[in-house]
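The structure under discussion appears below in the form of structure tokens.
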Amino acid sequence: MTSPLLSLQKLRREYPSGDGSTVVLHDIDLTINEGEFVAIVGASGSGKSTLMNILGLLDRPNAGTYRISGRETSSLDNDALSALRREHFGFIFQRYHLLGELSAAGNVEMPAIYAGRSRHERQERAGKLLDRLGLSDRKHHRPGQLSGGQQQRVSIARALMNDPDVILADEPTGALDKSSGDEVMRILDELHREGRTIIVVTHDANVAARAARIVEISDGRIISDSGTAGSSEEPKGRATAVHVSGRFRAGLDRLGEAFSMAMRALGAHRMRSFLTMLGIIIGIASVISVVALGTGTQKQVLENISSLGTNTLEIFPGSGFGDVRSEKVKTLVVGDADALRSLSYVAGVTPTVSTSTTARFGAIEANALVNGVGRDYFEVKGSKLVAGRVFDESGVSTLSQDAVIDENTAKALFGQSGVDPVGQVILAGSVPCRVIGVIASQQGGFGSNDNLSIYLPYTSVQTRFIGSTSLRSVTVRVNDSVDSQLAETAVTDFLTKRHGSRDFFILNTDDIRKTITSTTQTLTLLVAAIALISLIVGGIGVMNIMLVSVSERVGEIGVRMAVGARRQDILRQFLIEAGLVCLIGGVLGILLAFGFGLAFSALGSGFSLVFSMTPIVVAVVSSCAIGLIFGYLPARNASQLDPVVALS
Ligand code: ADP
Ligand code: MG
């Protein structure tokens, strides 16, 4: 003998109440064979729905056994139960329990998504079922646009989607008018004739009369059972050809479903979604723009520094800036410069002396700095020649009065008259000099430089202006291949040996660069950390709203579980929703940061935002991560819901 389709033995269900517990079902013994049409009747509160939920595997009994085709169900885990639910049962509820955001066809298709059927097959079958139930012209209507009877027919189509053996209908006509109710019962009759097992809960005698077998429950006990007589002895084997698409495709489909549900849920509460995102938007926008501002500032400062010369060492007399004796230290001389020039790792050396004086052209006077430099100076400093030429070695050796002026000086002395400075003679103090070239003004360490500079051979300045052979400084350009730190040590040793003592100090532009780089990086990191805190606060906001969203959509979760969604499917749906909120927030945040960048440059604020790929990628990744981390708790809550509790 084959085992009956459904069989309950000594089944008990109790709910905790007060300090004891209330028994809702007492030792139920019930056997239902394939192809039966059973009506379960009884007063309200007698335990009919509780029994129905246990039959449909939505609820578990406290004691007793429940076998489906001989298979014991009490030891099965949640996933196995949802698989059985998908394969064997179709649910019809009193209140239809359709998802309001989905069309009729979308609602009907849902069980097939969780069962892993292909999209094409799903759509075709949903269409056929709706046609059969007389809803051909209502496929794309939302439940809200359908009458009660139509909604119940949609829910019947949904129950039939996975071609179940058993239809469980809990008061299917309870909310319907007489004719719609009759229609629903006619359909159930038809399904029974096809060979399906139908179990209907009702308290309507007319409805019960349609069934071949009536089981009456009172206070959790079966008080009468008209018996299995009259049920079809030999069930008509129904052709069940369920094509399950490949695991990968099916997984992708379920992911797609989770994704589109998440999009719908966000769309349904646009304002709320936006406000939820706001924290993320502000957080991401501030992280990105702070980092961009840091990068921009650093780039600007570094550009200014490299205009001081790249990889150069500047040697000064004395023990450091502010050394009062440095004026009197006369030991840094041209001989040092010549000696340094012979070192292998030195690319160029230029001694400098300087003094300030009044420059004059015609009636125009201006204060200027007279720099005595070597011919290498312009190359060492990377100066840009604007007009004319610079002096050469012969200019240095002949103490020539050929001067190179910078653009500031050219503007100050020649700007008004518009005369070409090259070839003109100017007076520096009382020394007449012929202008042979104009170079671009050098940037100061920070920002622009308004100084007027006149460059003459250092020999000329030493003899004609200062009357001393000591130098203000020696600038050494180190070979690009040599580490400036090593070069600095070597030059220090070399000069200390030459002078017999260390009466000089060295400024290393590379050091300055490194200091500035690390300072701006530290500052950027600090501010970014603060911005990160705002991101975390945003994440907590997302978690909050997601918790609200889950508690609002308990019913939806219950329906999904009833049609066979796994806990994992529910978890995934809400995780994706949280991730999506944060991802969209992140992208909006990045756009906002770009907006800041445009605004800054349009306002000409002097700040420049330099966006690089890394912080943007980090922002996108971290906003997704925040969504997933802070969305996990709400999503887990949703997936752990008890389907019965969710449906009630
Ligand atoms: P029916 O469907 O026959 O009207 P139910 O099966 O819904 O009755 O309920 C049977 C009894 O179980 C009722 O007395 C009800 O109060 C109780 N009950 C149902 N669900 C719960 C629950 N989650 N917690 C406590 N009591 C419950
Ligand atoms: Mg009930």
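Note that ligands are numbered from 1 as they come in the structure, with each ligand's atoms numbered from 1 the same way.
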Protein contact of atom 18 (N) of ligand 1 - nearest heavy atom, named by residue and atom, plus distance: Y15 CE1, 3.5 Å
Criterion side chain to side chain donor-acceptor pair (under 3.5 Å) against S155, the qualifying member of R158, R153, Q152: Q152
N/O donor-acceptor pairs under 3.5 Å from side chains in residues 527-547, not counting sequence neighbours:
residue, atom, partner, partner atom, Å
S534, OG, A531, O, 2.7

Residue pairs fulfilling salt bridge (Lys or Arg N to Asp or Glu O under 4.0 Å) with at least one residue in residues 262-280, sequence neighbours excluded: R272-E552
Heteroatom proximity flag, G45 to ligand 1, N/O under 3.5 Å: yes
Atom indices of ligand 1 within 4.0 angstrom of T50 heavy atoms, with elements: 5 (P), 6 (O), 9 (O), 10 (C)
Electrostatic pair D170:R95 at N-O distance under 4.0 angstrom: no
Non-hydrogen atom of G220 closer than 4.0 Å to ligand 1: no
Under-4.0 Å salt bridge between R122 and E124: no
Side chain proximity check, Q150 to L133, heavy atoms < 4.5 angstrom: no
Under 2.8 Å from the Mg ion (ligand 2) - protein N/O/S, by chain and number: S49 OG
Test item, G47 contacting ligand 1 (heavy atom, 4.0 angstrom): yes
Sidechain N-carboxylate O distance under 4.0 Å for R186, D189: no
Atoms of ligand 1 close to S44 [distance to a heavy atom under 4.0 angstrom, numbered from 1]: 4 (O)
Sequence neighbours excluded and cut-off under 3.5 Å, please list the side-chain donor-acceptor pairs for residues 16-26, or say none.
residue, atom, partner, partner atom, Å
S17, OG, T22, OG1, 2.7

Atom 17 (C) of ligand 1 [closest protein heavy-atom partner, distance rounded to 0.1 Å]: V24 CG2, 4.0 Å
Electrostatic pair R567-D79, nearest N-O below 4.0 angstrom: no
